[in-house]
Amino acid sequence: MKKVLMIVNPISGNIDKLPIIKQVQHLLHQKVELCIFTTSGDGDIRLLELRIQQFGPDRLLVVGGDGTIKLAAEAGYKKKMEIGILPMGSANGLATDLDIPKSLEQALQVALGKNLMAVDVIEIADSIGLHISDIGINAELIANFSQNKIRGHFGYFLNTIPTLLRTKAPYKFSVSANNKTLHFKAIMVAIANSKKFGTGTIINPEGKINDGEIEIIIFKKLDIVNILKTIGGEVKLNSDFVEIIKTKEVTIKAERPVDFQIDGEHFGQTSNIYACVKPGAIKIAIP
């Protein structure tokens with residue numbers, strides 16, 4: 001490996017990234033050529049694609065959370081770029097699922113190591129997802145969180161109660177998968193390629209990021225006590241609260257536009273989603 005492009009999200013996780021950048025520069029000094037790309041939230045995908053084309057890196061090194069990993073994967077998708085992760089986001093669900101160490105030095109050893117996993121990609125809404133996307137109450141929470149100056153898990157917590165009190169859920173949905181269509185009311189429908197939300201909450205116990213399938217998870221009831229317990233990881237999901245469908249592709253329709261998110265990034269409101277899995281489309285460095 002000769003060239004590494006480090007993608008830094010300066011606001012993710014409410015963590016000052018400058019000491020991290022300096023430590024990575026020190027650890028990699030004279031070992032590889034390092035280029036740094038800092039996200040701004042304005043045209044990042046186009047600018048990152050251009051930087052990849054100009055610099056020609058051997059690997060992308062992500063300093064951020066699930067949303068920053070999604071950005072790196074989307075920019076490097078067509079060029080089949082390898083990705084390493086330094087989990088420094090508000091939401092690090094994908095890194096947690098992949099057992100990426102939290103220690104910076106250990107995570108860097110993994111991120112630049114030779115052990116790679118070919119993981120599935122979800123093509124969705126003219127974009128891609130690696131982790132968990134959803135339409136409904138969690139996307140509402142993310143929309144509110146994105147407007148809050150307080151980052152990290154505490155920021156999510158502060159927005160949880162107001163979101164639950166203001167939501168218009170349950171919503172009317174239909175889900176078409178495996179040659180069947182279901183009609184129902186639900187507070188949220190998730191498209192999962194992984195097990196956990198970034199907060200560490202397990203919503204997809206059977207999820208595997210490299211099994212060539214996705215799980216459609218239907219949260220049926222607006223039960224605030226159960227939701228808060230689930231967010232805190234205190235209860236197992238049961239069939240009265242959740243239904244799970246395994247598939248390779250899905251169409252989700254809502255009676256009216258509802259908030260929608262991909263890997264922690266809010267995508268506005270929509271009433272029609274098509275998603276399909278692309279097996280083993282991205283390689284990520286793992287322990």
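Computed from a prediction, not measured in an experiment: that's the story for all the values here.
Judged purely by atom type and a 3.5 angstrom limit, Asn193 has no side-chain atom pairing as donor or acceptor with the backbone of Val121. When atom types are taken as modelled, the side chain of Gln261 and the backbone of Asp263 share a donor-acceptor pair closer than 3.5 angstrom. Asp211 places no side-chain N or O within donor-acceptor distance of the main-chain N or O of Gly207, the cut-off being under 3.5 Å. For Lys3 (side chain) and Phe55 (main-chain N/O), a donor-acceptor pair under 3.5 Å exists by modelled atom type.
Across Leu94 and His131, no two heavy atoms sit closer than the pair N-NE2, 3.5 Å. Nearest heavy-atom pair, Gly212 versus Asp120, reported as atom, atom and distance to 0.1 Å: N-OD2, 2.7 Å. Shown here for Ile85 and Ala95, the closest heavy-atom pair between the two residues is CG2-CB, 4.2 Å. Considering every non-hydrogen atom in both Val63 and Met88, the closest pair reads CG1-CG, 3.9 Å. The minimum heavy-atom distance between Asp44 and Phe37, with the atom names listed, is O-CZ, 3.8 Å. Contact between Pro57 and Met81 at its shortest, heavy atoms only, is O-CE, 3.2 Å.
Applying the side-chain hydrogen bond (donor to acceptor under 3.5 Å, both in side chains) test to Lys246 and every residue at least two apart in sequence or in another chain returns Glu215. Taking the salt bridge (charged side-chain N to carboxylate O under 4.0 Å, His left out) definition, one finds that Asp58 meets it with nothing, sequence neighbours left out. Remark: Thr39 engages no residue in a side-chain hydrogen bond (donor to acceptor under 3.5 Å, both in side chains) (not counting sequence neighbours). Listed by chain and number, the residues in a side-chain hydrogen bond (donor to acceptor under 3.5 Å, both in side chains) with Thr251 amount to none (sequence neighbours excluded). With sequence neighbours excluded, the residues that form a side chain to side chain contact (heavy atoms under 4.5 Å, CB included) with Pro101 are Gln106, Val110, Pro287. Not counting sequence neighbours, the partners of Ala275 by the side chain to side chain contact (heavy atoms under 4.5 Å, CB included) test are Ile122, Ile124, Ile191, Val250. In terms of the side chain to side chain contact (heavy atoms under 4.5 Å, CB included) criterion, residue partners of Val258 (sequence neighbours excluded) are, by chain and number, Ile135, Tyr171, Ala254. Partners of Glu255 by salt bridge (charged side-chain N to carboxylate O under 4.0 Å, His left out), not counting sequence neighbours, listed by chain and number: Lys172. Under the side chain to side chain contact (heavy atoms under 4.5 Å, CB included) criterion, Ala111 pairs with Leu61, Leu86, not counting sequence neighbours. The salt bridge (charged side-chain N to carboxylate O under 4.0 Å, His left out) check on Glu249 picks up nothing, with sequence neighbours excluded.
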Would you be so kind as to tabulate the donor-acceptor pairs closer than 3.5 Å made by side chains of residues 23-33, with sequence neighbours excluded?
from	atom 1	to	atom 2	distance (Å)
Lys31	NZ	Leu27	O	3.4

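In this structure, Thr38 and Lys17 have side chains that are not in contact, with every pair of non-hydrogen atoms separated by 4.5 Å or more. Using a 4.5 Å heavy-atom threshold, the side chains of Leu182 and Glu243 count as touching.
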### Task
Evaluate the side chain to side chain contact (heavy atoms under 4.5 Å, CB included) criterion for residues Ile286 and Asp99: first the C-alpha distance (whole Å), next the side-chain angles of each, then the deciding distance (0.1 Å), finally the verdict.
CA-CA 7 Å; Ile286 63 170; Asp99 293 322; over 6 Å; no
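The environment of Gln54 atom CD is dense: over 12 non-hydrogen atoms of other residues, nucleotides or ligands sit within 6.0 angstrom.
Sorted by first and then second residue, the side-chain hydrogen bond (donor to acceptor under 3.5 Å, both in side chains) pairs with a member in residues 68-84 read Asn9-Thr68, Arg59-Glu82, Lys70-Glu74, Lys70-Ser127, Glu74-Ser127, Tyr77-Glu123; sequence neighbours excluded.
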